Q: 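Sharing a structure, written as structure tokens. Questions coming.
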Amino acid sequence: MSQGNRVHSLSGLQRLLEGGLIVCSMLALFVLLALTSFSPQDPGWSQSQFQGDIKNLGGAVGAWTADVLFYFFGYTAYLVPFVIAGTGWLLFKQSHRLLEVDFFSVSMRLLGFVLTLLGVSTLTSMNAADIYEFSAGGVTGDVIAGAMLPYFNQIGTALLLLCSVATGFTLLTGISLIALIEMTGNGIIGLIKGLGNLPAKLSSLGERRDTEDTRGFMDLASKFKRARNEPELAQDEKPQSAAKAVESSAKVFSAPDALVEPIQTDVSAVKEEKSRRSFLSRFSKSREEPSVTPASTGLSAIDEDDAEPVISELEEPALPANGRQRVEPGFGGINPAIALDDEPAPAIKAHAIKAHDETPPWDDIKFDTEMSSGTSVHKLQQANGHAAHAAHAAASATSQAVASAHSAHASNGAQLTQASGAQPAGQSAKSAAKIVDGIVVLGDKPVVPPKPINPLPSIDLLNVPNRKLNPITPEELDQVARLVEAKLADFNITANVVGVYPGPVITRFELELAPGVKASKISNLASDLARSLLAERVRVVEVIPGKAYVGLELPNKFRETVYMRDVLDCDKFKNNGSTLAMVLGQDIAGEPVVVDLAKMPHLLVAGTTGSGKSVGVNVMITSLLYKSGPDDVRFIMIDPKMLELSVYEGIPHLLCEVVTDMKEASNALRWCVGEMERRYKLMSALGVRNLKGYNAKIAEAKLAGQPIPDPMWNPSESFDETQPMLDKLPSIVVVVDEFADMMMIVGKKVEELIARIAQKARAAGIHLILATQRPSVDVITGLIKANIPTRMAFQVSSRIDSRTILDQQGAETLLGMGDMLYLPPGTGVPIRVHGAFIDDHEVHRVVADWHARGKPQYIDEILNGSSDGEQVLLPGETPEEGDEDYDPLYDEAVAFVTESRRGSISSVQRKFKIGYNRAARIIEQMEMAGVVSAQGHNGNREVLAPPPPRN
Ligand SMILES: Nc1ncnc2c1ncn2[C@@H]1O[C@H](COP(=O)(O)OP(=O)(O)OP(=O)(O)O)[C@@H](O)[C@H]1O
């Protein structure tokens, strides 16, 4: 892609190159024709006499050219047209690299070409019969053979020449001969094995088709036919027959290979990537050893001006993952049949309609069944992909199965509700369906299972990345290392590059400074270095934990995107036991970074607009949706911008609708403080120290059959007539996207509430993720900073902003697009992380997947305050200075203002001999009450209320 851009930007040069390609192709064709139609009778350089017409297709010039080429190179002359065509093509395709010519590699290739050509010519000269009247190896081959044979004899010469050809080939093409031999060997072995297994495979395939499949389909079809042809069949038996059909089809068809293969392909792509990195890290490790320090590599002779100071990219063939076959499971042939064929039986249809309010639309049901791997319906879809004819017969029964799935889904919602201790969503659905041994039972009959909470969403919902690797060669890295040393020397800093760590976005060079050189000297030169190295930005890492070196991070020329799927698919995340584990992205070496929100326990995210904050927040939320169900984690999302978080509306994890109104937002924070206090009381009643201990105790008690009654139940205040039992408590994550807005609108109160939650909520399992694009001290106040130890800084515009977030500079040198510095709790050294990328479609798919698993049970009190409409004071809270808190002089002041018809602050001040602030507050209260108008242009207020009636 980027290459394409370059070609366009060089359109003048590009035209020339394209012309060159055409000329080279024509020339190559001409030489090929001249060589193939060579006739010894034609005139030529080595011919003196000439009779008759020229037979060469290239005419006299062709005849001469062919003659010269054969004379000098013999058979090897046939290589010449290919070399001409190849040169034209290379110049055309690699035009962008003309500007960054690496003379070292060009001379290597040239040397390789000469060695190969001479070796082949001489070998041909020694072993092949003459071509026309020329020697088979031309004069070149003859001369070399003549010079070598007296000294090395036939065999020795041949060996030396073969060695020259092999070396030349490797130098020319850069292809490892050893790898080539290995590949050929593996290919041959694979072919032989494949051919050997072929008869067995063919026969087993034939047998399977002939027996099982056919019988399975016939059974299925006949069952469905019977279901259609027996209208008198009791209606309540229909779901059963559908379920049986589903069951039988599930037995017949195992998961198709297509579903397994793509994953394997993916794994191989990842492996490829890993091996690349391990190669590069091996390189960097080897550099650390004294024997191969840059100074001793001998490569320092490269002219620094010729080398680009940034890591360049070679053309890379697309990875196999690109061509990965995407499998879109669906109802296949059966879906249209549902719409066209028989209506569901009346009773079932009625039920489906009844349950509709509680269930997702048809698409969701389809999605639901698509994604529930291992369920019978999924397998039925596979079956129907194979047997369209059976699908028609099955349509009626399947409609019923799907209708049942609707109600089953509703029942799932009901279960969820119970699990979370909230009000049941739909009593009808609850009474209509129940789950027995993991199977939904409608009435007495088992039907298709709904989409369960477990297994959690599949990683297949995320895009398979179109990875573009950044193939940096060790030589290129070495060049840059030399350049870094040279540029530092320009600034009178003696430093040796002792380690090079290429990553997906940046490459870190570790520098060993000469004794007495301060690291801060390099930091101060960061922008000068960036300029002289032609880099966008350079980050200097003064302290690398555990090492005595200074780090210099240069952006790669071709930046790799870190995809969410790649990071999520790592063992570090999958094996993480915490329900609040989140992936962030990759570190500078390309290793996934997984963090635990429970340990943070609150996170402050800041960065300028467009730096990748929202994507970062989405990645964190999506990780949580991949790690935990609503039983474990609940969200309160506050989104003053009204667009970033609204996508999550309706997932079962939400405790309330996504909050966009700031008054409601402060209510939500108040609710959190109240909930925190309630949880503390519960925990102290149970004698546990944190939420984990509390949940363990509840689970233990339930297992023992002795659930713990709610110790805070008060019969006089509660609606519950009997003492309720305690249930598992989920962690609560409060995500605020743009909390600066909240601070501005609601004011100091928010800061207090946030500080209060931040101070205490860790043990209660309430966690804050606060994001802002305004990293200024009036937003990220001292109070907030003191209580939120974990920070995440995306790119910011100034050092001051970086200090506001991280208490140190560095974030101003980040590269944007998700590049971040993550400061873990309790440390002072931030980690550079390249944030993972997730696009909106992927988020939508994960959200839709959760929609299909259940509905949220909103708690109204969160947004509206307490149910009686009165603000209950939280423990330790003093009443706010409310509007109704009128000044004792207010009434007198109103009388004075309305009588005197003068509504100015100064008149009230003078009359009552009070301070300016107090008088201003009284006038403001009058304005709100409509006694005086708002201030006009001239600063005066009009008195609106009539004077008080005189007695
Ligand atoms: N991790 C990433 N990898 C690649 N590109 C990214 C990444 N994160 C963000 N981007 C790119 O940067 C753009 C801006 O990101 P994002 O919308 O998250 O910024 P923001 O800081 O939230 O901006 P705003 O505050 O204006 O909403 C995205 O549209 C995306 O193209």
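Residue indices begin at 1 and follow the sequence shown. Predicted model only: the values in this text are computed from it and were never measured. First listed ligand is number 1; within each ligand, the first listed atom is number 1.
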Q: Ion pair present between R845 and E842, side-chain N to carboxylate O less than 4.0 angstrom?
A: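 No.
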Q: For a salt bridge (Lys or Arg N to Asp or Glu O under 4.0 Å) check, start with the C-alpha distance between D849 and R853, then their side-chain angles and the critical distance, and finish with the verdict.
A: CA-CA 7 Å; D849 192 61; R853 292 159 192 258; 2.8 Å; yes
Q: Is it true that the side chains of D778 and S776 contain a donor and an acceptor less than 3.5 Å apart?
A: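 Yes, side-chain donor-acceptor contact under 3.5 Å.
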Q: Answer yes or no: is there an ion pair linking K574 with D569, defined by an N-O contact shorter than 4.0 Å?
A: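 The answer is yes: the pair qualifies as a salt bridge.
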Q: Identify every side-chain donor-acceptor pair in residues 815-832 under 3.5 Å, counting partners at least two apart or on other chains, and give the distances.
A:
unit_1, atom_1, unit_2, atom_2, d
D819, OD1, R832, NE, 3.3
D819, OD1, H834, ND1, 3.0
D819, OD2, L815, N, 2.9
D819, OD2, R832, NE, 3.4
D819, OD2, R832, NH2, 2.5
T827, OG1, P824, O, 3.1
R832, NH1, E553, OE1, 2.7

Q: Taking non-hydrogen atoms within less than 4.0 Å of ligand 1, which protein residues qualify?
A: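 Heavy-atom contacts below 4.0 Å: T608, T609, G610, S611, G612, K613, S614, V615, K641, E644, Q773, M817, G818, G835, A836, F837.
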Q: Under a 3.5 Å cutoff, is there a donor and acceptor pairing between the side chains of D839 and Y563?
A: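 Side chains of D839 and Y563: no pair found under 3.5 Å.
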